[in-house]
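Reviewing the structure listed below.
One-based numbering along the sequence shown.
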Amino acid sequence: MKEFKPIKEGKVREIYDNGDSLILVATDRISAFDVILKNKIVHKGAILTQMSKFWFDFTKDVVPNHMISMDVKDMPEFFQKEQFDGNSMMCRKLEMLPIECIVRGYITGSGWASYQENGTVCGIKLPEGLKESEKLPEPIYTPSTKAEIGLHDENISFEKSIEVLEKLYPEKGRMYAEKIRDVTIALYKKCAEYALSKGIIIADTKFEFGLNEQGDIVLGDEMLTPDSSRFWPLKGYEAGKGQPSFDKQYVRDWLKANPDSDYLLPEEVVTKTVDKYKEAFKLLTGNEFH
């Protein structure tokens, strides 16, 4: 049996080279504030992978994506073990674009902090008088550059995203920048409307895109998981305050309140986090997570 070693390890995911495809494995690691925590969140990798699959299927009419299969039987023998079952996805190889495509439909987090200071979010002027967690008149696109592990991503303007892409793809920078912006907003609108009908507000999220061999834009990475998005329960939602959430915000809040934790979570925080992920999975897909 051929042994596989990851060609790339992220904070949460491992990537294996499978010749003409890649195998992405979502581990049970969790990161916050760009640090990998000492706890594992059991089943998290599988929940995130299966949630991405749900969204990839739901949006393939908007933009093609990189998913080939989630069935380990379609993968080399090395992956046909329990530790890879449910949390692995075989994907097409793409040349990933160095832009994180962030879309915000509600004002919260760093966006709210910036708005209170000067009425803008990532340089975009917003109407006066917005309240914390309020829905924006229209979703806004706020790209950032991708940082290496341990460094923070940097918010950039749309014009800057054109420059970044133009350097890599002369005479195509603007075309690619506009395309990923437009697709990001279209994906967000379609999925946010669906999620709302299931009792979840998607406050913001990020997508990543790559190019296939033909130079077409293809959606890669993960999609609309609690790791890459802010999910809020619709029930009890009220603008003017912070919202309880289905995502890592619960972990972030605990870490902020316990600065001496050394990134080790108590068991109850771990359990509650898993339960939140499972609840979001059930609301969105209609299925219990097994």
Side-chain angles (χ1 to χ4, degrees), residues 3-18 22-56 66-67 70 72 75 78-91 96 100 102 109 144 146-153 204-208 220-231 245-281 284 289-290:
E3 289 284 327
F4 280 79
K5 291 247 182 318
I7 52 165
K8 190 174 173 201
E9 282 197 65
K11 291 192 278 277
V12 173
R13 275 169 312 161
E14 295 168 350
I15 301 175
Y16 297 83
D17 190 344
N18 185 39
L22 293 174
I23 293 169
L24 268 54
V25 178
T27 69
D28 289 343
R29 296 194 291 265
I30 186 166
S31 74
F33 307 116
D34 291 323
V35 176
I36 298 168
L37 275 53
K38 293 181 173 169
N39 308 74
K40 293 275 200 291
I41 307 287
V42 183
H43 299 312
K44 172 177 170 277
I47 297 168
L48 297 191
T49 303
Q50 290 172 42
M51 207 181 268
S52 284
K53 178 188 187 301
F54 170 80
W55 290 118
F56 283 144
H66 69 164
M67 179 175 70
M70 255 191 64
V72 289
M75 301 176 201
F78 176 80
F79 295 96
Q80 296 174 22
K81 305 177 201 156
E82 199 179 335
Q83 77 197 71
F84 295 112
D85 198 359
N87 63 340
S88 305
M89 187 181 283
M90 186 157 72
C91 301
M96 296 304 287
E100 300 224 316
I102 298 164
S144 79
K146 282 192 227 177
E148 293 301 311
I149 288 187
L151 299 171
H152 292 280
D153 298 337
D204 52 40
T205 191
K206 68 168 184 175
F207 302 113
E208 294 195 29
D221 201 58
E222 63 182 328
M223 181 177 188
L224 286 164
T225 69
D227 267 21
S228 64
S229 324
R230 273 197 185 88
F231 289 168
S245 64
F246 286 107
D247 54 43
K248 285 197 302 196
Q249 199 55 44
Y250 179 69
V251 171
R252 288 191 199 105
D253 291 346
W254 188 87
L255 289 169
K256 271 189 195 160
N258 296 273
D260 302 332
S261 66
D262 196 26
Y263 294 99
L264 182 66
L265 304 172
E267 207 46 49
E268 70 197 76
V269 175
V270 172
T271 306
K272 196 156 178 194
T273 302
V274 175
D275 290 347
K276 290 246 172 239
Y277 278 52
K278 285 181 177 171
E279 190 186 345
F281 181 85
L284 289 169
F289 172 78
H290 294 301

### Task
Begin with the C-alpha distance, continue with both residues' side-chain angles, and end with the deciding distance and a verdict on side chain to side chain contact (heavy atoms under 4.5 Å, CB included) for Ile102 and Phe207.
CA-CA 6 Å; Ile102 298 164; Phe207 302 113; over 6 Å; no
### Query
Please walk me through it: do Lys256 and Phe33 pass side chain to side chain contact (heavy atoms under 4.5 Å, CB included)?
CA-CA 10 Å; Lys256 271 189 195 160; Phe33 307 116; 3.9 Å; yes
### Task
Applying side chain to side chain contact (heavy atoms under 4.5 Å, CB included), run through Val251 and Ile30 and close with a yes or a no.
CA-CA 9 Å; Val251 171; Ile30 186 166; 4.0 Å; yes
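When all heavy atoms of Ala32 and Leu37 are compared, the closest pair comes out as N-CD1, 3.6 Å. The two residues Pro6 and Glu14 make their nearest non-hydrogen contact at CB-CB, 4.2 Å. What you find for Thr49 and Gly86 is that their closest heavy atoms are CB-O, 3.7 Å. Considering all non-hydrogen atoms of both residues, Trp254 and Ser261 come closest at CZ3-CB, 3.5 Å.
Remark: Ser88 OG to Arg13 CZ distance equals 12.0 Å, nearest 0.5 Å. A distance of 8.5 Å separates CZ of Arg252 from OG of Ser31, quoted to the nearest 0.5 Å. Note: Ile47 CD1 to Asn87 CG = 11.0 Å, rounded to the nearest 0.5 Å. Once rounded to the nearest 0.5 Å, the distance linking CE of Met90 with CG of Leu24 reads 12.0 Å.
Applying the salt bridge (Lys or Arg N to Asp or Glu O under 4.0 Å) test to Arg230 and every residue at least two apart in sequence or in another chain returns Asp204. Lys276 meets the side-chain hydrogen bond (donor to acceptor under 3.5 Å, both in side chains) test with no other residue; sequence neighbours excluded. Among residues two or more places apart in sequence or in another chain, the side-chain hydrogen bond (donor to acceptor under 3.5 Å, both in side chains) test is passed with Asn18 by Ser21. Listed by chain and number, the residues in a side chain to side chain contact (heavy atoms under 4.5 Å, CB included) with Lys8 are Ile15 (sequence neighbours excluded). Scanning for side-chain hydrogen bond (donor to acceptor under 3.5 Å, both in side chains) contacts around Asn39 gives an empty result, with sequence neighbours left out. By the salt bridge (Lys or Arg N to Asp or Glu O under 4.0 Å) test, Lys38 is found to be paired with Asp262, residues two or more places apart in sequence or in another chain being considered. The side chain to side chain contact (heavy atoms under 4.5 Å, CB included) search around Phe78 returns Met1, Glu3, Phe4, Tyr16, Lys81, Phe84, not counting sequence neighbours. For Asp17, the side-chain hydrogen bond (donor to acceptor under 3.5 Å, both in side chains) partners two or more places apart in sequence, or in a different chain, are Lys93. The side chain to side chain contact (heavy atoms under 4.5 Å, CB included) test applied to Ser228 returns Thr205, Lys206, Glu222, Thr225, not counting sequence neighbours. Taking the side chain to side chain contact (heavy atoms under 4.5 Å, CB included) definition, one finds that Phe56 meets it with Ser52, Asn65, His66, Met67, Met89, Leu219, Met223, sequence neighbours left out. Under the ring pair (Phe, Tyr, Trp, His ring centres under 6.0 Å) criterion, Phe281 pairs with Phe289, not counting sequence neighbours.
Between Cys91 and Ile23 there is no side-chain heavy-atom pair separated by less than 4.5 Å. When side chains are defined from C-beta on, Val72 counts as touching Met75, because their heavy atoms get closer than 4.5 Å. Between Phe246 and Leu284 there is no side-chain heavy-atom pair separated by less than 4.5 Å.
Counting only distance, with no hydrogens or angles, the side chain of Asp28 and the backbone of Lys44 share a donor-acceptor pair below 3.5 Å. Checking side-chain atoms of Arg29 against main-chain N and O of Gly10 turns up a donor-acceptor pair under 3.5 Å.
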Using distance only, find each side-chain donor-acceptor pair of residues 263-271 under 3.5 Å and give its atom names and separation, not counting sequence neighbours.
from	atom 1	to	atom 2	distance (Å)
Thr271	OG1	Glu267	O	3.0

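Around NZ of Lys278, the count of heavy atoms belonging to other residues, nucleotides or ligands within 6.0 Å exceeds 12.
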